[in-house]
S.K.: 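Sending over a structure as structure tokens; questions will come in a sec.
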Amino acid sequence: MTRYTFRKHEHLCGRLRIQEVFSTGKAVNEAPFRLVGKVMELPTVARAQVAFSVPRRYLRHAVDRNRMKRLMREVYRLHKAGYLERIAAADRQCAWLIIYQGRGTMDLAETQLKITRCLDRWMEKHGF
RNA sequence: CCUGUGCAUCGCUCCAUCGUCCCAGGUCUAUGGCCUGGGGAGGAAAGUCCGGGCAGCAUAGGGCACCAUGCUUCCUAACGGGAAGGAGCGCGUUCGGGAACGGACGUGCUACGGAAAGUGCCACAGAAAGGGAGACCGCCACAGGACCGCAAGGUCCGAGGCCUGAACUUGGCAAGGCCCGCCUUCGCCAAGGCUUCGGCGUGGCAAGGAUGAAAAGGUGAGGUAAGAGCUCACCAGUGCCCCGUGUGAGCGGGGCAGCUUGGUAAACCCCACGGGCUGAAAGACCAUGUAUACCGGGGUUCCGUCGCAAGGCGGAUAAGGACGGCCCGUCCGAUCCCGGAGGGUAGGUCGAUAGAGGCGGCGUGCGAGCGACGUCCCAGAUAGAUGAUGGAGGUCCUUCGCAAGAGGGACACAGGACCCGGCUUAUAGAUGCACAGGCUUU
RNA sequence: UGCGGGGUGGAGCAGAUGGUAGCUCGUCGGGCUCAUAACCCGAAGGCCGCAGGUUCGAGUCCUGCCCCCGCUA
């Protein structure tokens, strides 16, 4: 049985790396979400690293920002297996940045729908 | 019992599964995986409004500037915070009184040093808005005269007075004239108030009216031409002195004085007290690594000085720089080469979680607090850990139902980022205590 | 995290040292025109971000909040 985990080495860290993804990655917009991704070498055993961002501009309270990031993390944790397999098959590594740009908070089901559709479109675009 | 106010405490609970950060231990195929155990957001974690710890830089000293505070005593590491008290201003109850008002009690608010050190401002209205000012109406007096009226009295003119507009007088200037030191001018300037013309009735008063937020103590009597703290009595207020009382702010009582001196300092300002500057993006270390600040030596240049010169000595003087606001004052001194020693960015580790710590009862103080004792270890992330799903319970709302109950929905404000003490702001609901009001019962 | 600037009619902005809140554009009504624009005449529209305080009087001064913009790794 596979375990649905999301540990530290799967987080995308570092100022320079995030800046690189931001400036040179390809983006996919889906409703309130925006996925910026790039196929690149990463210093980790994981097949992909992800960062989640919720700007203060859209959600003023830290409680709401934390909640949205937790929901996004939860969705990624439960659905990442399929995508990672396809990347492993191609023997590549990816860096993703998921940004929330909605005004209010969402529930888990809606977040799941949007993020999975977002990832599907990105994978399709990059030929996995 | 209900409602309100204030203070204090709490602020959903439990179970299962999956997931996550830290610590300890173990294990494997070791940038990681797995197992076991333990810990994992708040009363405001927030706003960043104050105060400290801590860190670095600066620091011979003095002055100015700047910032902040402002009744007293105390608490505190400190504070612009807190406690107790004083004074002032309200509100309520009650007592006295015809009322105005005063006393007592309770309760709330207060940036509450100085306006008699100086400066500024006080629009509009109003006569006048601050050298104790000013005269619109008003009140009173005034040589002499005219008019009205039987009279009481009333109305009008205005001598003396004031203004100095014109003439005038005196002086100066300018231009012109001649007999050359005097004269003249529709000329100009300054002064004068003797003369003429012209203009204003003149003087006293601050009681009353009217304006305004505010009009220069209030009431009564004397006094006066009319009046006025002009004088007196009482009251209010100011300053000084004495006595009692309190640690003190003050409070109570008595005496003297000038007899009255607006408001504004959240206007400048004065006084007292305090403040060195910068903040964890502070700062320390590691690996990589070498700009140039620094230190030592040498050369060249500049300035001063000694010397006939070669050259020597010094960086006091000059330009400039540092003492991160300015001044005095103190200190440094341009550039090139060689050697030594070593910075910043990005990454990592520390800083960084045992503390002005929590809890418990005891002692002490009116209280904020303080003291000793016992006991506990309680988040340390760094693109930033607490979430998801299911179930049970609790509270509230709502629909159905006669009821028992059933269905549905909601559970506030809000998430650490170096740490503490406060303040301020947000907050559904629950509990306790105190006070006030209403209803019911005895 | 530390700091700076701002909030005034529908929009963009003035408002020195407290004393009746203004300007331009826009809106509405009328005129001109065959009609529209331009032009001319007139009008409405503000508790000056919110709440307290100082003052006789606050857009302005003081205090506490709310919101917006910018700088800072």
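Every chain is numbered from 1, with letters handed out A, B, ... down the list of sequences.
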S.K.: Is the backbone of A/H9 close enough, under 3.5 Å, to the side chain of A/Q49 for a donor and an acceptor to pair up by distance?
M.R.: yes

S.K.: Take atom P in B/G82 and the same atom in B/G351, then report the distance between them in whole Å.
M.R.: 36 Å

S.K.: With a 6.0 Å cut-off on the ring centroids, do A/Y4 and A/H79 count as close?
M.R.: no

S.K.: Would you confirm whether A/R65, through its side chain, and A/L59, through its main-chain N or O, come within 3.5 Å as a donor-acceptor pair?
M.R.: yes

S.K.: Is it true that A/F6 and A/L84 fall in one hydrophobic cluster, defined by side-chain heavy atoms closer than 4.5 Å?
M.R.: yes

S.K.: Please report the distance separating the P of B/A167 from the corresponding atom of B/C139, rounded so that it comes out in whole Å.
M.R.: 43 Å

S.K.: If the C1' atom of B/U69 is compared with that of B/G274, how far apart are they to the nearest Å?
M.R.: 8 Å

S.K.: Between atom CG in A/D64 and atom C1' in B/G415, what is the gap in whole Å?
M.R.: 11 Å

S.K.: Syn if the chi torsion is within 90° of 0, anti otherwise; quick check, which is B/G298?
M.R.: anti

S.K.: Applying side chain to side chain contact (heavy atoms under 4.5 Å, CB included) between A/V75 and each of A/Q112, A/R70, A/K80, report the one that passes.
M.R.: A/Q112

S.K.: Considering Watson-Crick and G-U wobble pairs with both distances under 3.5 Å, what does B/A310 pair with?
M.R.: none

S.K.: Any strand counts, and the cut-off is 3.5 Å on both contacts for Watson-Crick or G-U wobble. Which nucleotide pairs with B/A267?
M.R.: B/U119

S.K.: What is the distance, rounded to the nearest whole Å, between atom CZ of A/R65 and atom C1' of B/A45?
M.R.: 14 Å

S.K.: For a quick check of understanding: with a heavy-atom distance under 4.0 Å over all strands, which category does A/F52 fall into, base, sugar-phosphate or nothing?
M.R.: nothing

S.K.: Please work out if A/L12 contacts a base, only the sugar-phosphate, or nothing of the nucleic acid, heavy-atom cut-off 4.0 Å.
M.R.: sugar-phosphate

S.K.: What is the separation between atom CD on A/Q93 and atom P on B/G32, rounded to the nearest whole Å?
M.R.: 14 Å

S.K.: In terms of base orientation, is B/A159 syn or anti, with the syn window spanning 90° either side of 0?
M.R.: anti

S.K.: Same cluster or not: are A/F52 and A/V63 linked, directly or through other Ile, Leu, Val, Met, Phe, Trp or Tyr residues, by side-chain heavy atoms under 4.5 angstrom apart?
M.R.: no

S.K.: Rounded to whole angstrom units, what separation is found between the CZ atom of A/R70 and the C1' atom of B/G40?
M.R.: 12 Å

S.K.: I want to confirm an ordering. Mapping A/R77 and A/L108 to their closest nucleotides on RNA chain B, which one lands closer to the 5' end?
M.R.: A/R77

S.K.: Please determine, for B/A83, whether a Watson-Crick or G-U wobble partner exists with both distances under 3.5 Å, and give it or none.
M.R.: B/U73

S.K.: Between A/L71 and A/L97, which residue's closest nucleotide on RNA chain B lies nearer the 5′ terminus?
M.R.: A/L97

S.K.: Please report the distance, rounded to the nearest Å, between NE2 in A/H79 and P in B/G19.
M.R.: 15 Å

S.K.: Checking A/E74 against A/R77 for the salt bridge (Lys or Arg N to Asp or Glu O under 4.0 Å) test, could you report, in this order, the C-alpha distance in whole Å, the side-chain angles of both residues, the deciding distance, and whether it holds?
M.R.: CA-CA 5 Å; A/E74 184 74 5; A/R77 177 175 76 84; 2.7 Å; yes

S.K.: Taking B/G222 as the reference, what is the distance to B/A152 when you measure between their C1' atoms (whole Å, please)?
M.R.: 30 Å

S.K.: With the 90 degree cut-off around zero defining syn, does B/G43 come out syn or anti?
M.R.: syn

S.K.: I want to verify the glycosidic state of C/C41; is it syn or anti under the 90° rule?
M.R.: anti

S.K.: Using whole Å, report how far NZ of A/K80 lies from P of B/G19.
M.R.: 11 Å

S.K.: Counting only N and O atoms by type, is there a donor-acceptor contact under 3.5 Å from the side chain of A/E10 to the main-chain atoms of A/R7?
M.R.: yes

S.K.: Which of the following nucleotides, B/A383, B/U386, B/A388, is nearest to the side chain of A/E74?
M.R.: B/A388

S.K.: Should A/H61 be listed as having a side-chain N or O under 4.0 Å from OP1 or OP2 of B/A46?
M.R.: no

S.K.: A/R7 side chain: which of B/C18, B/A41, B/C21 is closest?
M.R.: B/C21

S.K.: Would you say A/R73 reaches B/U20's phosphate, i.e. side-chain N/O to OP1/OP2 under 4.0 Å?
M.R.: no

S.K.: Using purine N1 to pyrimidine N3 plus N6-O4 or O6-N4 for Watson-Crick, or N1-O2 and O6-N3 for G-U wobble, both under 3.5 Å, which nucleotide pairs with B/C411?
M.R.: B/G394

S.K.: With C1' as the reference atom in both, quote the distance from B/A45 to B/U353 in angstrom, rounded to an integer.
M.R.: 16 Å

S.K.: If the glycosidic angle is within 90 degrees of 0 it's syn, otherwise anti, so just tell me which one C/A16 is.
M.R.: syn

S.K.: Would you list the protein and nucleotides 22-31 of chain B atom pairs, both N or O, that sit under 3.5 Å from each other?
M.R.:
from: B/U31; atom 1: O2; to: A/P43; atom 2: O; distance (Å): 3.1

S.K.: Between A/L35, A/L113, A/N29, which is the residue that forms a side chain to side chain contact (heavy atoms under 4.5 Å, CB included) with A/C118?
M.R.: A/L35

S.K.: To the nearest Å, how far apart are A/K69 NZ and B/C21 P?
M.R.: 15 Å

S.K.: Without decimals, in angstroms, what is the distance between A/L84 CG and B/G33 C1'?
M.R.: 16 Å

S.K.: B/C302 pairs with which nucleotide, Watson-Crick or G-U wobble, both distances below 3.5 Å?
M.R.: B/G315

S.K.: Using the P atoms only, state how far B/C179 lies from B/U195, rounded to an integer number of Å.
M.R.: 43 Å

S.K.: Which value, in whole Å, describes the distance between the P atoms of nucleotides C/G18 and C/A58?
M.R.: 14 Å

S.K.: Counting distance only, does the side-chain N/O of A/R47 pair as donor-acceptor with the main-chain N or O of A/C94 below 3.5 Å?
M.R.: no

S.K.: Which base, if any, makes a Watson-Crick or G-U wobble pair with B/G361, both distances under 3.5 Å?
M.R.: none

S.K.: Tell me the partner of C/A51, counting only Watson-Crick (N1-N3 plus N6-O4 or O6-N4) or G-U wobble (N1-O2 and O6-N3) with both under 3.5 Å; none if nothing fits.
M.R.: C/U63

S.K.: For B/C240, which nucleotide in any strand shown is its Watson-Crick or wobble partner with both distances under 3.5 Å?
M.R.: B/G255

S.K.: Considering only atom P, compute the distance from B/U260 to B/U238 and round it to an integer number of Å.
M.R.: 15 Å

